[in-house]
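First the structure, in the form of structure tokens, and then the observations on it.
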Amino acid sequence: MSFSIATWNINSVRLRMPLVEKFLAEYQPDVLCLQETKCPDDLFPSKAFRKAGYEHIAISGQKGYHGVATVARRPVEVVDRRRFCDIDDCRHLSIHVEAGDREILLHNFYVPAGGDEPDPEINPKFRHKLDFVAEMHDVTAVSGENYSSVLVGDLNIAPLEHDVWSHKQLLNVVSHTPIETTSFEAMREAGGWVDLMRQVVPPTEKLYTWWSYRSRDWVASNRGRRLDHIWSSADLSPRLAGIDIITEARGWDRPSDHVPVIARFDL
DNA sequence: ATGGTTGCCAAGCAA
């Protein structure tokens with residue numbers, strides 16, 4: 001059977017619910033992981049999700065900032081809402097979901113953006129980001145005979161040279177500094193995670209999931225970055241049927257600055 | 001080098 005998982009930093013789920021509905025109707029992923037919902041749990045638009053066929057909803061939200069949610073067309077069981085760096089931010093949610101011949105442990109992450117100054121000594125937000133990634137080292141790709149792991153989210157780091165529009169010009173820009181990209185890749189490899197987007201698209205090819213709001217014409221300038229990621233345990237990688245980056249969503253009315261990414265599996 | 005935009009909510013802060 002086919003099974004698909006989508007991830008999307010929505011930048012306010014309530015404001016963009018019409019776009020979420022459009023996306024779900026058009027692409028019908030089995031599971032959708034959202035980040036930056038900016039919505040307390042009691043105000044989450046559950047009704048609209050149920051109406052769209054996504055009756056199973058796990059949320060970890062707070063007022064105004066951060067927040068993650070995982071919605072699905074089949075039952076999900078919350079495994080954990082982990083706190084990182086001893087801060088109460090809602091940046092992680094993990095669930096179990098049945099998919100074909102196996103159970104999947106699915107992590108939904110919103111890694112701190114890190115502020116503007118890429119120096120942990122003077123910028124506490126950058127320090128927090130580095131500490132957060134360091135703490136992610138013990139989030140590992142657990143797998144067994146009928147058990148696999150997937151990790152998705154807005155990880156706010158573009159690790160490879162062609163994950164940004166200009167490697168040279170972004171080397172000192174938060175999201176692509178060597179200290180971030182090195183620890184990010186080390187963390188991914190230590191956890192046993194496979195970068196599924198790069199399994200499909202060779203690292204020599206440009207690949208973006210985010211385009212800044214601060215540009216007159218995001219299409220013409222095309223100064224994107226790959227900040228959103230889908231990783232899996234090694235056993236799932238041969239079952240990947242494809243990756244879809246829904247770039248057109250950046251051009252929808254009042255869009256998020258991130259676009260959805262979908263991984264399709266044959267299970 | 002700087003400023004560019006958006007969303008939170010009603011002033012700046014975070015991204």
For [N], does OP1 or OP2 lie under 4.0 Å from any side-chain N or O of [X]?
| X | N | answer |
| --- | --- | --- |
| A/Lys125 | B/dA14 | yes |
| A/Arg223 | B/dG4 | no |
| A/Ser12 | B/dC8 | yes |

Hey, are [X] and [Y] close enough for a salt bridge, meaning a charged N less than 4.0 Å from a carboxylate O?
| X | Y | answer |
| --- | --- | --- |
| A/Arg81 | A/Asp88 | no |
| A/Asp235 | A/Arg102 | yes |
| A/Arg264 | A/Asp244 | yes |

Inset, instruction - List the atom of A/Arg82, the atom of A/Val139, and the distance in Å for their closest heavy-atom pair. - result: NH1-CG2, 3.6 Å

Inset, instruction - Between B/dA15 and B/dC9, how far apart are the P atoms? Round to whole Å, please. - result: 15 Å

Just call it for [X]: base, sugar-phosphate, or nothing, with non-hydrogen atoms closer than 4.0 Å on any strand.
| X | value |
| --- | --- |
| A/Arg14 | nothing |
| A/His66 | sugar-phosphate |
| A/Arg254 | sugar-phosphate |

Inset, instruction - Find which nucleotide of DNA chain B each of A/Asp257 and A/Tyr213 is nearest to by heavy atoms, and output the residue with the more 5' nucleotide. - result: A/Tyr213

Inset, instruction - Nearest-nucleotide wise, let me know which of A/His258 and A/Lys63 is further upstream toward the 5' end of DNA chain B. - result: A/Lys63

